[in-house]
Every structure is written in C-alpha cells, then in structure tokens.
2 protein chains.
Amino acid sequence: MRSTTSDSNSRRSPNTSPETAQRILSAAVAEFARHGFTKTTVRGIAAAADVSPGLVIHHFGSKDGLRSACDDHVFELITSAKARNAEYATMAVQMMFGDPEMSTAVDYLVKSLLDPSEHGQRYFDHYVDLVESYITDGFAGYTFRQSEDPHGQAATIAVMALAPAMLEHRLHSVLGTDDTAETMTRLAPHLLDLYLHGALESVPDNSGLRDEEP
Amino acid sequence: MRSTTSDSNSRRSPNTSPETAQRILSAAVAEFARHGFTKTTVRGIAAAADVSPGLVIHHFGSKDGLRSACDDHVFELITSAKARNAEYATMAVQMMFGDPEMSTAVDYLVKSLLDPSEHGQRYFDHYVDLVESYITDGFAGYTFRQSEDPHGQAATIAVMALAPAMLEHRLHSVLGTDDTAETMTRLAPHLLDLYLHGALESVPDNSGLRDEEP
DNA sequence: ACCTTGATTGAACGCGCGTTTAATATTAAA
DNA sequence: TTTAATATTAAACGCGCGTTCAATCAAGGT
C-alpha cells in the first residue's frame, strides 16, 4: 500500500504499462530465487510488486507463464554477462556476488537447476558447452587436462563448479560464515588447490601410513 | 486397494501395528525422495502404503512428524552403512546404487540437503566430519593434500562429492545416459582424474596463447 | 463528446491440501 | 463374555492456492 493513484512524477500509464509488468517480473525472479517455485505463491509475488494477484495473471497468463518469462529474463542476464567478460571469470564471480541483481539471478538459476522440471535444463546445457569451450581453448591463461571424453569431462567440471552455490546454505552453517562472499572466500583456496593439483596425493607406494612434508 | 481385511497369512495385528507404521514410513521415504518434501502429499504417501490419510496422521502426528521419523530412519541407515564398510568407499558407492533401499536413502538425503529447512543439516555436518577424518587418516590407501584449514578443505571436498548426486537429472539429459549407474560410470574417470591431478595444467608460463602437445 | 482499449482491483470460485472427527473393526485383558 | 484400548476408515472441515470475473479507471482515437 504505497500510494493509491497519485505519483509525484504524475505520468501514470494510460492503458499500456510496461513498467508495472517489469516490476512484477523482477519481484517474481526474487521470490522464485528465494523460496523456489513450488513454495512461491502468486499472492506473494503480487504483494512484493505491490499489485493485486489478478494483475499478475493478467500480464503473464499463469504462474507457469510468469516462470517462463523469468527463465528468459535470467537466461539473457546470465549469458550476456558471461559474454561481456568471458575470460575474466574470477572477476565475473566477484561481480555475481557484488551486483545484487546478478546474485539473485544466480540463485534463480540454482533453484531452476535443482527443480525436477525441464525449465532449467538449458542453463546446464549452456554451462556445459561453455566449460567444454574452456577445455578446448583454455581459460584465464590456464589450459585444461585433455581427455578422450571432453563432453563427460565438461559435464563433470560443470557440476563441480555449480556445487558450492547449490549447498551455500549448508556451508554457511558448517563453516560459521555470515554471508556468501565470506563462504566463497573461505572455499577459494581449496577450490584452486583442487583444480590445480587435485585432492589426493599421488604417492601409491604403501597403504594407510602417511608422513609429514620432507 | 489390494485387499480388504483377509490375508492368507491371517496374522493381522490386534491393537498394536508396528508393521503398518513401518510400511507407511517406507512409503514416505520413497515419496519424499522422489518428489521432495513440499510436493509430496500425505494422501500420496497413504495411497503408496495402501492406507487412509488419517492413519498416517494417527501414527506420526503430522506430516512434519513423519518427516522427522524419516530423517532418523535414513540417518541411521546411512551412518550404519558407512560404519560397516568405511574404508571400501568405492564398494560403498556400488552398493548405494545397487541396493534400492540405499539408493532411495541417498535420494532422500539429497532432497533433504537441498531443502532450505534445518532438517538436513546434520547429514552435511556428519559428512564433513567424515571427510575431515579421511583427510587426517587417509582414505582407501590414499593420503590427502594437507592444508592450513582442514575444516574448510573438508567442506569443499564434501560439496564436490555430493554434487553429482544433486545434479543427476541434469547429467542424464546432457550426457544421454539412461540410468544412474551409467551416468556415474561415465563421470568416474574424470572424477578420479580431478581428485588425483586436478583439472588445470600447471603450466603458468605465458598468458592467453595456448599450443598443442609437443 | 463518445467509444474503445487495456490496466487494475476486490471478490469470489473450485480445488487440493493437512488435519480432525465420529464411527467401526479387531484383539488383548478382565 | 464383557470391556477397554487401539487400528483403521470415510467423511468433513478450514485454509490457502491458482485462477476467473465483473466492475472501475484512465487515456487515445475518432
């Protein structure tokens, strides 16, 4: 209940209102990203956008139609951001958790990937393709280990790269971190070590016993 | 609607019925594992167990009480299985996708981890502890790379190890695999390579340019 | 000025949900 | 055999959901 009809700018749209539809869509992306698709209600989205539930349906046809519109919006946001600075991935990560809209978009993407519906598949397909191009062409000055199955390798690495975002809430709890940035900062050195050297020492000499550094 | 009251075995319980409660709980674990907690309905569980919806509530108090009972059941199943063959992890993985009850339990665990509620946190905490003990004591004859932050390292590796199960559905689609076993078999060599040697070649000589093998 | 068009809303509809309730069936204990 | 207790069910209750509907409002075209 912000205002009834009067606005200081006074330019209320006559019968066309792209501005209100945009506000509904932004609110929907945020609600979907926060609570997932099943738990998010049309009434909740309408309240977040300060409109009536009926108007949400009027503009997008149905809850699922609204979700599809959100899919397109987020996909365009993600892919254009990736295209803008493809080679500076670490900066892209920084930006993703700095720009709140991008952060919301990533949360939406994760919720969509984990949802059993087919809506989110294209995000994963696109990401695997991107990783596969990294494997072929290199990434941020690094070159990838080559394998006989680049597609399977790309899928594997894509899954690994997405994992921390999916379990962010669990990581917060187990690490005692306060926000996403702190959690990712904590993980970063171990991720870098894993990607550069692996997790297991390649000393297949004897069994259980291990010794300190020489 | 299997049978009304007559059974060939004829030993229907008088006023105590641990068998029916057990059947409801098994059905609940399976339903929760397949559809998640929000989408799973008490009516669906009751139908799967061939009882009335009211009986489910009568035995477990509420849907959330039933979920807690499932939590305990699955946790006990997972931890006892881990304790039984802790050192033979590859066999444990094989068994997890061979024994259907254990496979369902793993699906349940994944759904619980991804659910925003606090119910699943203990699974993650327990798993991070287990990984941390692997880092300290070694695992299947391998020794882990040591770091200044073993807890963060354990959390990182735990997240990585859980990731394929969480995105199994997306992997099926992108790899064209038919079942879980085939998907994991496809991923296995890349995971082993990642854990043993990492994903990036450690050739930090020059920037962007890359060349083929010598 | 009139009519058309579309934005917007408040109220309602129908449905499926978790849960409650009253009644019945079944068996151990008395 | 009666009694008390529990398992079990069919039906209903109340609620929140997505969606529909009729009415109102605001502006543009004619």
Side-chain angles (χ1 to χ4, degrees), chain A residues 1-28 31-32 34-70 115 117 119, chain B residues 1-28 31-32 34-70 115 117 119:
Chain A
M1 294 142 189
R2 198 62 54 83
S3 65
T4 47
T5 38
S6 68
D7 209 19
S8 61
N9 210 353
S10 79
R11 191 94 65 82
R12 289 295 239 145
S13 313
N15 55 358
T16 167
S17 73
E19 174 196 308
T20 305
Q22 191 82 5
R23 199 170 72 251
I24 293 174
L25 192 134
S26 290
E31 290 289 301
F32 283 142
R34 200 176 319 270
H35 305 111
F37 299 100
T38 306
K39 285 181 159 156
T40 294
T41 68
V42 171
R43 282 171 167 86
I45 295 169
D50 204 16
V51 296
S52 69
L55 190 62
V56 176
I57 303 296
H58 175 255
H59 277 299
F60 296 95
S62 66
K63 184 187 179 182
D64 211 70
L66 175 55
R67 175 174 176 177
S68 292
C70 291
D115 194 79
S117 103
H119 275 101
Chain B
M1 292 142 192
R2 198 64 53 82
S3 64
T4 47
T5 36
S6 68
D7 210 19
S8 61
N9 210 353
S10 80
R11 191 95 63 80
R12 291 294 242 148
S13 311
N15 56 357
T16 165
S17 72
E19 174 195 308
T20 305
Q22 191 82 5
R23 199 171 70 251
I24 293 173
L25 192 135
S26 290
E31 290 291 300
F32 283 143
R34 201 177 316 273
H35 307 112
F37 300 99
T38 306
K39 284 181 162 159
T40 294
T41 69
V42 172
R43 282 170 167 85
I45 294 169
D50 204 18
V51 296
S52 70
L55 190 62
V56 176
I57 302 296
H58 174 255
H59 278 298
F60 296 95
S62 66
K63 183 185 179 183
D64 212 69
L66 175 56
R67 175 174 177 177
S68 293
C70 292
D115 195 81
S117 104
H119 276 101

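We name chains A, B, ... by the order of the sequence lines, and we start the count at 1 in each one.
- The environment of CZ in A:Arg23 is crowded: more than 12 heavy-atom neighbours from other residues, nucleotides or ligands sit within 6.0 Å.
- Remark: the backbone N or O of B:Lys39 is not paired with any side-chain donor or acceptor of A:Thr38 at under 3.5 angstrom.
- Taking 4.5 Å as the limit, some side-chain heavy atom of A:Arg67 sits within range of a side-chain heavy atom of A:Asp115.
- Considering only residues two or more places apart in sequence or on other chains, A:Phe37 meets the ring pair (Phe, Tyr, Trp, His ring centres under 6.0 Å) condition with A:Phe32, A:Tyr108.
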B/S/- contact track for nucleotides 15-21 of chain D, protein heavy atom under 4.0 Å: --BBBB-

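- Distance CG (A:Leu55) to C1' (C:dG10): 13 Å, rounded to an integer number of Å.
- An OP1 or OP2 oxygen of D:dT8 is reached within less than 4.0 angstrom by a side-chain nitrogen or oxygen of B:His59.
- B:Ile45 places its CD1 atom 10 Å from the P atom of C:dT19, with the value rounded to the nearest Å.
- With sequence neighbours left out, the side chain to side chain contact (heavy atoms under 4.5 Å, CB included) criterion links B:Thr41 to B:Arg43.
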